[in-house]
Chemist: 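Here's a structure for you.
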Amino acid sequence: MRVASIIVRGSGPLHGTVSASGSKNAALPIIAACLLNDRPIRLHNVPALQDVRIMREVLASLGASCSGPDSDGGMQVDAARVNRTDPPYELVNRMRASFVTLGPLLARFGHAEVPLPGGCQIGARPVGEHIAAMKALGADISQEAGKIVARAERLRGAEVFLSIASVGATQNALMAAALADGDSTIHNAALEPEVVEVCHFLSAMGVEIEGTGSSIIHVHGRPSISCELDYSVIPDRIEAGTYLLAIAGSGGSGKVCNIVPEHLEALTIKMREMGITVEEGEDCIHVAGPEVLQPTDIRTGSHPGFPTDLQPQVSVLLTLADGVSQVSETVFERRMGHFPELTRMGARVKTANGNAVIQGRPGCLSGVQVDAFDLRGAAAMVLAGLFAEGETIISGLDFIRRGYENMPGKFATLGGFVHFSDEVTMEMLSQ
Ligand code: UD1
């Protein structure tokens with residue numbers, strides 16, 4: 001049996017410059033938001049990733065014409081001929097983010113049937129907030145055979161109160177409100193840059209929005225959206241943060257470009273506490289690792305708190321720090337699967353109820369065969385492999401393909417050895 005794996009070699013200090021790709025988590029709702037518009041849209045800086053291709057397939061299955069993303073980040077979406085409102089289970093189950101098609105389909109066509117989603121296995125990820133938002137906008141919602149079925153002749157503008165500042169629910173509510181009859185106000189909106197980006201994209205399509213970037217957003221609904229446009233997606237702050245941590249954790253120095261430094265503030269504050277030198281430019285951040293990393297405590301939270309999507313990666317650096325660190329995961333409490341694997345590589349970590357106490361020790365990691373259980377956990381294991389003595393073989397290549405464009409090439413630029421292999425056999429793994 002063959003297992004798609006990532007082979008990583010301890011590579012010493014990483015040096016050089018890499019460029020961040022476009023943001024996966026911004027591109028996905030933006031592609032979904034194209035469903036609101038009956039004219040062609042050209043997107044730029046879209047990362048060529050598996051998740052983006054799945055979203056393209058979702059739109060294509062509904063009747064949209066889509067092409068790309070091509071190697072320079074270009075993608076075209078034309079939703080003029082959409083004639084279905086029921087994305088297929090096979091696609092939605094592969095990626096939770098496809099649930100953000102609910103809002104735009106319902107708003108434009110008055111009907112949507114979206115299967116309850118799959119995605120990364122990082123704890124229960126309910127959609128109650130999405131449903132509550134659609135109901136507030138006047139939709140009838142029922143659950144039938146594993147699908148959410150939503151109907152409304154025309155959504156009507158309303159006060160939408162989210163009890164959790166969910167990223168996906170805010171995006172779904174914004175897209176639905178864009179074509180509702182009248183004005184809507186979304187209270188307790190998520191503040192993440194990928195939510196702000198959806199506001200910017202809707203504005204670029206002519207939707208009037210006030211309060212972009214705040215927790216109370218007013219949307220003036222339009223009867224229809226019909227405008228051709230070009231739009232460039234923001235850089236991927238999580239990918240950028242992963243490379244910054246890789247460079248600094250290896251004791252090297254280097255730069256990540258094509259980023260918005262303010263999007264990474266929660267990370268750079270923590271990196272400085274760890275003794276890492278951080279210099280911010282206009283669209284890049286330069287980091288230099290210290291001889292010995294200092295311990296610190298991390299508590300994940302919604303933006304502008306520390307992003308849960310960088311918790312596994314920063315935790316790897318803390319296993320190498322000189323002292324005790326504590327990591328509290330408050331967003332997805334079960335996002336702790338990387339810790340037992342790090343322990344197998346030599347780290348000392350105790351976990352309970354979403355908390356980890358890490359007894360850091362410089363140089364403690366050695367390459368072994370490990371498993372990854374989700375996208376960011378897989379990225380963390382790649383970092384651990386780069387910092388370890390010897391070779392690390394990580395199952396979970398498909399996770400990395402979902403979220404990191406050209407990872408082997410980018411690490412090669414920095415002097416790191418990361419190899420994707422669809423050819424690792426069970427016999428090789430058991431040697
Ligand atoms: C998005 C990101 C994901 C990131 C997360 C938090 C995408 C494609 N994914 O996921 O990478 O880790 O934001 O920054 O953009 N919740 C509910 N009910 C709901 C919705 C959410 O209880 O209806 C809970 C979730 O279980 C979780 C928390 O709210 O504990 C945050 O989830 P949410 O912000 O919705 O994350 P996603 O949009 O799924």
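Both ligands and their constituent atoms are indexed starting at 1 by order of listing. Just so you know, these numbers use all the heavy atoms, side chains as well, and skip hydrogens, waters and symmetry mates.
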Chemist: Enumerate the atoms of ligand 1 whose separation from the nearest heavy atom of V127 is less than 4.0 angstrom.
Modeler: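 Going through ligand 1 atom by atom, the ones under 4.0 Å from V127 are 23 (O).
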
Chemist: Show which atoms of ligand 1 fall inside a sub-4.0 Å distance from at least one heavy-atom site of V331.
Modeler: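 It comes down to these atoms of ligand 1: 27 (C), 30 (O), 31 (C).
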
Chemist: Could you give the distance from CG (L375) to CG (D309), rounded to the nearest 0.5 Å?
Modeler: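 That separation rounds to 7.5 Å.
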
Chemist: Are F399 and F373 an aromatic pair by the rule of ring centers under 6.0 Å?
Modeler: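 No, the ring centres sit 6.0 Å or more apart.
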
Chemist: Within ligand 1, which atoms have a heavy atom of G168 less than 4.0 Å away?
Modeler: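 In order of number, 35 (O), 38 (O).
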
Chemist: Quick one: look at H303 and ligand 1, take heavy-atom pairs under 4.0 Å, and tell me if it's side chain, backbone, both or neither.
Modeler: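 H303 to ligand 1: no contact under 4.0 Å from either part.
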
Chemist: Hey, which atoms in ligand 1 end up nearer than 4.0 Å to a heavy atom of A97?
Modeler: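 Heavy-atom distances to A97 below 4.0 Å select 8 (C).
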
Chemist: Using the rule given for side chain to side chain donor-acceptor pair (under 3.5 Å), can you reason through Q311 versus S315, listing the C-alpha separation, both sets of side-chain angles and the distance that settles it, and then say yes or no?
Modeler: CA-CA 6 Å; Q311 177 268 106; S315 296; 3.0 Å; yes

Chemist: Decide, yes or no, whether a salt bridge links R39 with E228 under the criterion of side-chain N to carboxylate O below 4.0 Å.
Modeler: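 Yes, charged N to carboxylate O under 4.0 Å.
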
Chemist: Is there a nitrogen or oxygen of L28 sitting under 3.5 Å from a nitrogen or oxygen of ligand 1?
Modeler: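 In this structure, L28 places no N or O atom under 3.5 Å from an N or O of ligand 1.
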
Chemist: Under a 4.0 Å threshold between the charged nitrogen and the carboxylate oxygen, would E405 count as salt-bridged to K24?
Modeler: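 The answer is no: the pair does not qualify as a salt bridge.
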
Chemist: Among S166, S23, P126, G403, which one puts a heavy atom closest to atom 19 (C) of ligand 1?
Modeler: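 Looking at heavy atoms only, the winner is P126.
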
Chemist: Polar-atom distance check: G128 versus ligand 1, any N or O pair below 3.5 Å?
Modeler: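 Yes, since at least one N or O of G128 sits under 3.5 Å from an N or O of ligand 1.
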
Chemist: Suppose I only count heavy atoms of T308 and a 4.0 Å limit; which atoms of ligand 1 are within that range?
Modeler: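 Matching atoms, with element in brackets: 6 (C), 12 (O).
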
Chemist: Taking heavy atoms and a distance under 4.0 Å, where does I164 meet ligand 1: side chain, backbone, both or neither?
Modeler: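 Within the 4.0 Å criterion, I164 contacts ligand 1 through side-chain atoms alone.
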
Chemist: Mind checking whether R96 has an N or O less than 3.5 Å away from an N or O of ligand 1?
Modeler: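 Between R96 and ligand 1 (N or O atoms, distance only) the closest approach is under 3.5 Å.
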
Chemist: Would Q171 count as a polar contact of ligand 1, with the cut-off being nitrogen or oxygen pairs under 3.5 Å?
Modeler: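 Among all N and O atoms of Q171, none is under 3.5 Å from an N or O of ligand 1.
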
Chemist: Would Q76 and S67 count as a side chain to side chain donor-acceptor pair (under 3.5 Å) if you check the C-alpha gap in whole Å, the side-chain angles of each, and the deciding distance to 0.1 Å?
Modeler: CA-CA 5 Å; Q76 291 75 38; S67 63; 2.5 Å; yes

Chemist: Does an N or O from V167, backbone or side chain, lie closer than 3.5 Å to an N or O of ligand 1?
Modeler: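 So ligand 1 has an N or O lying under 3.5 Å from an N or O of V167.
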
Chemist: Do M134 and R151 come close enough that some side-chain heavy atom pair is under 4.5 Å?
Modeler: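 Sidechains of R151 and M134: no contact.
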
Chemist: Assess the residue pair H44 and Y231 against the criterion (ring pair (Phe, Tyr, Trp, His ring centres under 6.0 Å)); give the C-alpha distance rounded to whole Å, side-chain angles, the decisive distance to 0.1 Å, and a yes or no.
Modeler: CA-CA 6 Å; H44 306 278; Y231 191 86; 9.2 Å; no

Chemist: Hey, which atoms in ligand 1 end up nearer than 4.0 Å to a heavy atom of E129?
Modeler: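 This gives 18 (N), 19 (C), 23 (O) as the contact atoms.
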
Chemist: Which label fits F161 and H187: parallel for a plane angle under 30°, tilted from 30 to 60°, or perpendicular past 60°?
Modeler: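 Taking H187 first and then F161, their aromatic rings lie parallel (interplane angle under 30°).
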
Chemist: Among R376, E329, E341, find the one that has a side-chain contact (heavy atoms from CB on, under 4.5 Å) with P312.
Modeler: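 That would be R376.
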
Chemist: Can you find a non-hydrogen atom of H130 under 4.0 Å from ligand 1?
Modeler: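 H130 counts as a contact of ligand 1 under the 4.0 Å cut-off.
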
